[in-house]
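Quick notes on the structure that follows.
Values reported hereafter were calculated over all heavy atoms of this structure, with side chains retained and with hydrogens, waters and symmetry mates removed. Atoms within each ligand, like the ligands themselves, are counted from 1 in listed order.
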Amino acid sequence: MIPPRMNRQAYIALTLLFSLAFGAVAAQTPIDSSKGLKDYFVHFFPIGVAVGPKSLSGEHAQIVLKEFNSLTAENAMKMGPIHPQENVYYWKDADSIVDFAQSHGLKVRGHNLCWHHQTPSWLFKDQDGNPISKAILLNRLHDHIRTVVGRYKGKVYCWDVVNEAIDDDSTKFLRNSLWFQLCGEEFIIKAFQWAHEADPAALLFYNDYGTEWPQKRARVYRLLKQLLENAVPVNGIGLQAHWTMVEPNESELRRTIEVFSSLGLQVQITELDISVYPSEKRSPQESKEWPTAFTQSMEQDQIKQYQMIFGVFRDLKEKITGVSFWGLSDGQSWLNQYPVVGRKNYPLFFDRDFKKKKVYWKVVDW
Ligand code: GLA
């Protein structure tokens with residue numbers, strides 16, 4: 001109804017003005033409850049999350065499906081859980097993640113095939129508990145890779161083939177793990193070759209943390225360059241991205257992505273979380289003294305850090321083929337147990353009630 005004392009033309013002009021102004025505001029606001037993270041970043045890269053089987057039903061599954069288009073098994077595909085005895089595989093958890101992804105059209109990142117942690121107890125010993133030879137260990141690795149990659153052939157689009165093989169000590173090169181002690185660097189080369197044989201279409205990644213620290217980055221670069229020069233089938237680098245509010249800084253982050261990309265490798269951010277505590281290299285005692293509430297200043301610093309890193313990712317989107325968070329909500333994060341058991345952390349986009357934190361809205365608003 002036209003208000004009294006207003007002619008028709010004035011009324012039309014006014015409503016037009018109003019709707020233009022209102023429409024412009026609506027178009028600018030990023031808040032659209034029908035969208036998930038994957039939709040905001042649809043023109044950039046897939047957005048993933050690490051899950052266990054419990055995240056695949058009920059309310060959690062709804063969040064996973066709304067927000068993400070890629071899954072990583074947080075533990076289920078690691079050698080310890082999936083291959084608990086020499087001739088026994090435990091497929092149930094990994095299968096449930098892959099089946100869920102398949103039935104809902106999500107990608108799956110395979111994680112991981114060869115690592116020095118979460119290995120099964122039988123792996124490095126014979127039946128009497130004595131150390132095994134290099135030939136036997138490589139044979140076991142071959143069986144493992146052939147079986148696991150073979151089972152998910154065509155369903156897992158990329159694999160973290162080798163995880164964390166570089167030493168943290170800047171004077172050393174490869175980590176002095178049991179893999180290295182028994183096989184030298186050959187286990188790395190063989191792992192990639194066998195993964196490629198088992199699924200020639202899968203993209204194969206080397207995955208590590210601390211890749212932004214110049215001294216570690218240089219050694220990861222050296223390893224990858226050597227592999228490529230020797231025609232080892234490696235397609236990408238996974239930057240784990242267990243970061244803090246001060247690390248990495250923007251220039252090191254850019255440099256890291258650019259340097260690895262210059263080798264012709266895909267770059268993926270594979271395990272993203274931002275601890276609200278300053279540095280995880282503090283002693284457990286010092287870490288314990290840090291306040292455990294999520295203060296306003298922590299919230300602000302975390303927002304700034306996440307905005308910065310997503311700004312860099314968007315900028316370098318041609319080089320980045322995936323960004324995955326390490327967990328769905330703050331309450332589920334491994335950082336509540338590391339480096340101080342039971343210290344509350346707040347590293348992700350969803351709080352302990354699975355509600356979106358302010359950082360979520362700030363990151364999708366660019
Ligand atoms: C490393 C591993 C992951 C996970 C995290 C901590 O980054 O690659 O699988 O275990 O540590 O949870």
Query raised in the report: Centroid-to-centroid, F325 to F349, below 6.0 Å?
Result: yes
Report task. Could you tell me whether N163 approaches ligand 1 through its side chain, its backbone, both or neither, with non-hydrogen atoms closer than 4.0 Å? Result -> side chain
Report summary line: Nearest non-hydrogen protein atom to atom 11 (O) of ligand 1, with distance, is E271 OE1, 3.9 Å
Query raised in the report: Do F44 and W366 have their ring centres less than 6.0 Å from each other?
Result: yes
Query raised in the report: At a non-hydrogen distance cut-off of under 4.0 Å, which region of W115 contacts ligand 1 (side chain, backbone, both, or neither)?
Result: side chain
Query raised in the report: Would you say H242 contacts ligand 1, with heavy atoms under 4.0 Å as the rule?
Result: yes
Query raised in the report: Short N/O distance, under 3.5 Å, between N112 and ligand 1?
Result: no
Query raised in the report: So Y221 and F260, would you call those rings parallel, tilted or perpendicular, with 30° and 60° as cut-offs?
Result: tilted
Query raised in the report: Within a reach of under 6.0 Å around CZ of R255, are more than 12 heavy atoms found that belong to other residues, nucleotides or ligands?
Result: no
Query raised in the report: Can you tell me which residue and heavy atom of the protein come closest to atom 10 (O) of ligand 1, and the distance to 0.1 Å?
Result: K78 NZ, 3.0 Å
Query raised in the report: Which part of W326 is near ligand 1, with near meaning a heavy atom under 4.0 Å away: side chain, backbone, both or neither?
Result: side chain
Query raised in the report: Within the structure, does E74 bring an N/O atom to less than 3.5 angstrom of an N/O atom in ligand 1?
Result: no
Query - Any side-chain heavy-atom pair of L328 and F68 under 4.5 Å - result: yes
Report task. Report, as yes or no, whether the 6.0 Å neighbourhood of atom NZ on K317 holds more than 12 heavy atoms from other residues, nucleotides or ligands. Result -> yes
Query raised in the report: Would H196 and W159 count as a close aromatic pair, with their ring centres under 6.0 Å?
Result: no
Query - Identity and separation of the nearest protein heavy atom to atom 9 (O) of ligand 1 - result: H111 NE2, 2.6 Å
